[in-house]
Amino acid sequence: MTYKYLIFDLDDTLFDFKGGEMAGLENVFMNHGFSSDLTQKAISIYVEINRGLWAAFEKGEIEKSEIHETRFDRVLSELGLSDDGLSFEKDYRQELNHNYRLLEGAESLLSDLQKAGYHSIAGTNGEAQTQHLRLEHTGLRPYFEQVYISDEIGVAKPNKAFFDIIFGENQAMSQANTLMIGDGVASDMLGGQNAGLDTMWVNFKDLPTPPSIEPTYIVDSYAALREVLI
């Protein structure tokens, strides 16, 4: 099948979000006086709580504001501590806004795809300010003809409406000529399926494929991605 349009997820597909997230969390907890051991425990608790909250948001069960307003309070509660979770959240947002890490080879991949004639569109969940800052400071913005962020358009992947907005503004796009590329099974792959698109799962961690999801392609490296598209 010939694709012309590529919808790219950003976090952990092109950006090294996880690496920046762990470094940022460590800075936040240490700056609030946590010991090294307590910091590692707090990070482990945070990861589980945050994952559950984002999963609930992507299913439409909670508003995004609940994630930011409660996740650090829940971490502190599990640690038996009383502190202002929102102050942790504020510090963490600053850390995320300065997380300009890229996965190795991400920019050269986008450059090669651009040279090959593909139209690349960023389609990501997340905070608008954070994502725009990352795109500008990493130098990736010129490779995307358009950028769609859940925070700005009011709906998140995997909701089909996220993709309907993209297609509504790009009349030349079709289900047949568009490929969704991302690392998120519950957001990118399910979202692509909901929109009737072929999907490419960027599975850098060699995770097992969930039985409910059937990606059109599974790649474990940018080299494998190139083999499919270039």
Side-chain angles (χ1 to χ4, degrees), residues 1-17 99-126 128 130-153 155-185 187-206 209 213-230:
M1 185 172 291
T2 302
Y3 304 109
K4 295 181 179 179
Y5 295 88
L6 308 175
I7 303 176
F8 268 97
D9 173 56
L10 295 180
D11 292 338
D12 294 319
T13 299
L14 298 170
F15 296 149
D16 182 11
F17 178 77
N99 172 16
Y100 304 140
R101 301 185 186 203
L102 283 178
L103 293 174
E104 185 176 355
E107 184 171 5
S108 62
L109 170 69
L110 291 174
S111 177
D112 289 346
L113 292 171
Q114 189 177 69
K115 292 172 183 175
Y118 287 102
H119 302 279
S120 292
I121 294 172
T124 182
N125 290 347
T130 297
Q131 300 296 48
H132 283 302
L133 283 170
R134 287 178 184 153
L135 285 168
E136 294 297 335
H137 285 274
T138 58
L140 294 193
R141 183 62 184 88
Y143 298 106
F144 293 108
E145 297 181 6
Q146 295 168 309
V147 177
Y148 293 89
I149 304 172
S150 61
D151 194 33
E152 291 183 326
I153 66 177
V155 62
K157 297 174 293 184
N159 195 318
K160 180 178 177 292
F162 181 96
F163 298 89
D164 289 342
I165 291 171
I166 298 175
F167 278 85
E169 296 183 359
N170 295 276
Q171 297 304 310
M173 292 177 69
S174 68
Q175 291 175 322
N177 68 14
T178 304
L179 178 68
M180 176 67 217
I181 302 172
D183 74 297
V185 174
S187 54
D188 305 318
M189 298 302 97
L190 180 58
Q193 286 184 191
N194 289 341
L197 303 178
D198 283 357
T199 57
M200 177 180 285
W201 185 25
V202 179
N203 184 15
F204 291 151
K205 297 182 179 179
D206 194 28
T209 307
I213 305 294
E214 296 182 3
T216 311
Y217 311 96
I218 301 176
V219 297
D220 60 5
S221 66
Y222 289 147
L225 188 155
R226 281 184 170 87
E227 289 180 8
V228 175
L229 295 177
I230 302 176

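- A pairwise comparison of heavy atoms in Gly126 and Asp151 identifies O-CB, 3.0 Å as the closest pair.
- Under the 4.5 Å side-chain criterion, counting only non-hydrogen atoms from C-beta, Lys157 is in contact with Met180.
- Note on ring orientation: taking the six-membered ring where Trp is involved, the planes of Tyr217 and Tyr3 are perpendicular (angle over 60°, cut-offs 30° and 60°).
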Please walk me through it: do Leu135 and Phe15 pass side-chain contact (heavy atoms from CB on, under 4.5 Å)? CA-CA 9 Å; Leu135 285 168; Phe15 296 149; 3.9 Å; yes
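- Every residue meeting the side chain to side chain donor-acceptor pair (under 3.5 Å) condition with Thr130, not counting sequence neighbours, appears here in chain and number order: Arg93, Asn97.
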Should Arg226 and Ser108 be marked as a side-chain contact (heavy atoms from CB on, under 4.5 Å) after you check the CA-CA gap, both sets of side-chain angles, and the distance that decides it? CA-CA 11 Å; Arg226 281 184 170 87; Ser108 62; 3.5 Å; yes
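- In this structure, Val147 and Ile149 approach most closely via the heavy-atom pair CG1-CG1, 3.7 Å.
- Between Phe167 atom CZ and Ile165 atom CD1 the span is 12.5 Å, to the nearest 0.5 Å.
- Formation of a donor-acceptor pair under 3.5 Å by the Thr13 side chain with backbone atoms of Leu10 is not found in this model.
- By the 4.5 Å heavy-atom criterion applied to side chains, Leu229 and Tyr118 are counted as neighbours.
- Counting heavy atoms from C-beta outward, Phe162 and Ile153 have side chains that approach closer than 4.5 Å.
- Under the 6.0 Å cut-off for aromatic ring centres, Phe204 and Tyr222 qualify, their centroids lying closer than that.
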If you apply the rule side-chain contact (heavy atoms from CB on, under 4.5 Å), what do you find for Phe8 with Ser120, and how did you get there? CA-CA 7 Å; Phe8 268 97; Ser120 292; 4.0 Å; yes
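- The CD atom of Gln146 lies 10.0 Å from the CD1 atom of Ile7; values are rounded to the nearest 0.5 Å.
- Annotation: the span from Leu197 atom CG to Ile181 atom CD1 amounts to 11.0 Å, rounded to 0.5 Å.
- Between the side chain of Ser111 and the main chain of Glu107, no donor-acceptor pair closer than 3.5 Å is present.
- In this structure, Asn177 CG and Lys4 NZ are separated by 6.0 Å, a value rounded to the nearest 0.5 Å.
- More than 12 heavy atoms of other shown residues, nucleotides or ligands fall within 6.0 angstrom of atom CD in Glu145.
- Val155 is not listed as a side-chain neighbour of Ser150, based on a closest heavy-atom distance of 4.5 Å or more.
- Atom CG of Leu140 sits about 11.0 Å away from atom CD of Gln131, to the nearest 0.5 Å.
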Evaluate the criterion side-chain contact (heavy atoms from CB on, under 4.5 Å) for residue pair Leu6 and His119; output intermediate values, then yes/no. CA-CA 6 Å; Leu6 308 175; His119 302 279; over 6 Å; no
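- Here the shortest heavy-atom pairing between Leu225 and Leu109 reads CD2-CD1, 3.7 Å.
- The closest side-chain heavy-atom distance from Asp183 to Asp9 is below 4.5 Å.
- In this model, no donor atom of one side chain and acceptor atom of the other lie less than 3.5 Å apart for Tyr5 and Asn170.
- The two residues Asn194 and Lys160 have their closest heavy-atom pair at O-CD, 3.4 Å.
- A salt bridge between Asp220 and Lys205 is absent, with no side-chain N of the basic residue lying under 4.0 Å from a carboxylate O of the acidic one.
- Here the closest non-hydrogen pair linking Met189 and Pro215 is SD-CB, 4.1 Å.
- The two atoms that bring Ile121 and Phe144 nearest to each other are C-CD2, 3.6 Å, heavy atoms only.
- Applying the salt bridge (Lys or Arg N to Asp or Glu O under 4.0 Å) rule to Asp12 yields the partners Lys18; only residues at least two apart in sequence or on another chain are considered.
- The shortest distance between side-chain heavy atoms of Asp112 and Ile230 falls below 4.5 Å.
- Counting only distance, with no hydrogens or angles, the side chain of Thr199 and the backbone of Thr216 share a donor-acceptor pair below 3.5 Å.
- Looking at heavy atoms from C-beta onward, Glu214 lies in side-chain contact with Gln193 at the 4.5 angstrom threshold.
- By the 4.5 Å heavy-atom criterion applied to side chains, Ser187 and Asn125 are counted as neighbours.
- A distance of 9.5 Å separates OG1 in Thr124 from CZ in Phe17, rounded to the nearest 0.5 Å.
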